[in-house]
S.K.: 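I have a structure I would like to understand better, so I am pasting it below and will then ask my questions one at a time.
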Amino acid sequence: MCRVLAFIGQETPLEQLLLEPTNSLINQALDPERHPELQLAGWGFGAWSEHFLKPEEPFIYRRPVAAFYDDNVERIVPSLRASTMLAHVRAGAYDAQVVLADENCHPFSFSGTRWIIAQNGYLPNWQLLQRELLQHCKNDYLQQMRGTTDTEFLYVLLLSLLEGDSDEDVQRAVEEMIQLIAGAMADLKLPGLTKLKMSLVSANRVIGVNAGLGLDGETNPSGDWKQLRESGPGTDDFDLSMLLEPMYLLMGRNFEKNEATYEFETCSEEEATGAIFASEALTDDTDGWSTVDFGQIVFLANDGGTVTKTINTLSM
C-alpha cells in the first residue's frame, strides 16, 4: 500500500519533511521500512503557507511518476515552506491495469470543502460496492471525480456524510462510512479486507484515521500485527498485519530549523509547536514517536502556535 505523511506546526521548509529525514517520504518510495514493495505509481503533496498568494487555499502538486524520478523534487520542494502539509507516495500493482495519471495521485482536493485527503489503503471491489454506496453520495462531489481510484471515491463518500467540520462531525462521518461499507459488502456478498489509513487535512488541522475491515469484512478484526507479519507477503496473515499495524505520531519543537540534517526537539505535548502523522517513523531512532493504533482517530490542531492532540477510539 501507499505511504502518507501529514504535518502541522510552524512554517517549516518542506525539504525538512520530505527530503532530509533518514526515512523521508521520498526515500520511502524507494525503500519503505514497513512495506514489501516500491511505491512507483506517483506522488504528490498539498500545503498551506501564509507566504502563498492564496494562503487560505492549498498548493497542490501531483505527478504520476515515482518520487525519486521526479526532477521537480529538487527544484520545487527546497523553495517551499508550509505550516500545514499532506504528502503521499502511491503504490500500485505491477501490471498494466494500473492507471498512471495526475488524476489518480493523492492528495485529492475538491471545491466546496476545506478538506484534502490522502490514504494508505484499499477498498476491494469498490466499483461494485457503488451500487449500494452511491445513494449516500452528493452530486456536488461526484461531479468532481476525475480519476479511477478507490480513495477518490471514499473522499466523495466521506465529504457527503459530513454534517460539519468539527472533530465530532468528522469522527461521526468516518464511523458512518465504515458502517456503510461493511453493510454494502454484506448486502452484495463481497466481503474483503479494507484498509483505511487516511489523513484528512485543512489549514492548521490534521485528522488521522487508522481503521478498516477484516478479511471477511468484519468490523472488529484482531491479532498481533508483528506476529502476523512473520507469515510473509502474499499470505492472508501478512495482509491482516498491514491492516492492524499502527500509524506513527511525533510531537515536538523546532521542526522549522533549516539544518543539514533532519532534527527536532522533543518536549512535552503541552509545549509542542509541531506534529507529524505518518505511515512510518521518519527516523531510524524512534525515540519520541508514539503510535495511533488500529481503531483510533487522532485530531491535531494548531492553536496559536501550540499543537493540540486528541486521540479517540472509533465506534465501528
Side-chain angles (χ1 to χ4, degrees), residues 1-8 14 17-18 24-29 32 34-35 39-48 57-67 70 73 77 80 82-92 98-110 113-123 126 141 144-159 162 170 173-174 177 194-212 242 245-249 275-280 282 292 297-300:
M1 297 298 166
C2 311
R3 307 282 86 181
V4 65
L5 167 67
F7 167 78
I8 184 172
L14 289 193
L17 301 169
L18 298 177
S24 71
L25 189 71
I26 303 301
N27 288 341
Q28 289 176 38
R34 299 196 180 279
H35 194 282
Q39 318 286 304
L40 303 177
W43 82 290
F45 66 88
W48 285 262
E57 297 180 9
F59 172 93
I60 301 291
Y61 177 85
R62 304 188 297 177
R63 197 172 184 193
V65 298
D70 188 353
V73 169
V77 172
L80 297 176
S83 57
T84 315
M85 184 202 67
L86 175 60
H88 183 271
V89 290
R90 183 184 177 217
V98 176
V99 179
L100 301 181
D102 290 348
E103 292 80 5
N104 285 341
C105 294
H106 307 212
F108 295 98
S109 176
F110 287 172
T113 176
R114 68 176 62 188
W115 301 104
I116 65 174
I117 197 171
Q119 81 154 344
N120 160 20
Y122 173 61
L123 176 60
W126 70 273
Y141 300 126
Q144 295 186 62
M145 282 193 69
R146 296 293 182 267
T148 58
T149 66
D150 52 352
T151 300
E152 190 175 21
F153 177 69
L154 287 170
Y155 183 44
V156 169
L157 180 59
L158 182 58
L159 291 177
L162 277 174
V170 174
V174 169
M177 178 179 69
T194 302
K195 190 177 178 185
L196 303 174
K197 296 177 182 290
M198 60 177 59
S199 189
L200 195 66
V201 176
S202 65
N204 295 315
R205 291 178 69 189
V206 168
I207 298 175
V209 176
N210 188 357
M242 298 290 282
E245 70 179 345
M247 298 289 283
Y248 292 85
L249 180 65
I276 293 173
F277 173 76
S279 299
E280 300 183 8
L282 303 188
V292 178
I297 183 170
V298 59
F299 301 94
L300 302 168

S.K.: Run through Trp126, Phe108, Tyr141 and flag the one making a side-chain contact (heavy atoms from CB on, under 4.5 Å) with Phe153.
M.R.: Trp126
S.K.: Looking only at atom types and distance, does a side-chain atom of His88 sit under 3.5 Å from a main-chain N or O of Cys105, one as donor and one as acceptor?
M.R.: no
S.K.: If I compare all heavy atoms of Gly46 with all of Ile116, which pair ends up nearest, and what's the gap?
M.R.: CA-CD1, 4.1 Å
S.K.: Got a donor-acceptor contact below 3.5 angstrom from the Asp150 side chain to the Leu123 backbone?
M.R.: yes
S.K.: May I ask you to test the Leu18-Met85 pair for a side-chain heavy-atom distance under 4.5 Å?
M.R.: yes
S.K.: One pair to check against side-chain contact (heavy atoms from CB on, under 4.5 Å): Val156 and Phe110. What are the steps and the verdict?
M.R.: CA-CA 9 Å; Val156 169; Phe110 287 172; 3.6 Å; yes
S.K.: Could you check if a side-chain atom of Leu5 sits within less than 4.5 angstrom of a side-chain atom of Leu282, using non-hydrogen atoms only?
M.R.: yes
S.K.: Just jot down the side-chain hydrogen bond (donor to acceptor under 3.5 Å, both in side chains) partners of Thr194, sequence neighbours excluded, or say none.
M.R.: none
S.K.: Does any part of the side chain of Leu80, heavy atoms only, come nearer than 4.5 Å to the side chain of Tyr61, both counted from C-beta?
M.R.: no
S.K.: Evaluate Leu249 against Leu300 for side-chain contact (heavy atoms from CB on, under 4.5 Å), listing each step before the verdict.
M.R.: CA-CA 10 Å; Leu249 180 65; Leu300 302 168; 3.9 Å; yes
S.K.: Check whether any side-chain heavy atom of Thr113 lies under 4.5 Å from a side-chain heavy atom of Tyr155, and answer yes or no.
M.R.: yes
S.K.: Determine yes or no for a side-chain-to-main-chain donor-acceptor pair under 3.5 angstrom, with Glu152 supplying the side chain and Gly147 the backbone.
M.R.: yes
S.K.: Measure from the side-chain N and O atoms of Asn104 to the backbone N and O of Thr148, and report whether any donor-acceptor pair falls under 3.5 Å.
M.R.: yes
S.K.: Taking Asn210 for the side chain and Glu245 for the main chain, is one N or O donor matched with an acceptor at less than 3.5 Å?
M.R.: yes
S.K.: Please name all residues satisfying side-chain contact (heavy atoms from CB on, under 4.5 Å) with Ala203, sequence neighbours left out, ordered by chain then number.
M.R.: Trp48
S.K.: With heavy-atom distances below 4.5 Å as the criterion, would you say the side chains of Val209 and Leu200 are in contact?
M.R.: no
S.K.: Nearest 0.5 Å please: distance from the CG atom of Leu158 over to the OG1 atom of Thr151.
M.R.: 11.5 Å
S.K.: Measure across Leu86 and Ala118 and return the closest heavy-atom pair with its distance rounded to 0.1 Å.
M.R.: CD2-N, 3.6 Å
S.K.: Are the side chains of Met198 and Val4 in contact, using a 4.5 Å heavy-atom criterion?
M.R.: no
S.K.: Under the side-chain contact (heavy atoms from CB on, under 4.5 Å) rule, collect the residues that match up with Ser202, sequence neighbours excluded.
M.R.: Arg114, Trp115, Arg205
S.K.: Does Ser199 reach the side chain of Gln119, with side-chain heavy atoms less than 4.5 Å apart?
M.R.: no
S.K.: I'd like to know if the side chain of Thr84 reaches the main chain of Asn204, judged simply by a donor and an acceptor atom lying under 3.5 Å from each other, with no hydrogens or angles considered.
M.R.: yes
S.K.: Quickly, which of Glu280, Lys197, Lys195 forms a side-chain hydrogen bond (donor to acceptor under 3.5 Å, both in side chains) with Asn120? Name it, please.
M.R.: Lys195
S.K.: Using side-chain heavy atoms (C-beta onward) and a distance below 4.5 Å, is Arg62 in contact with Ile60?
M.R.: yes
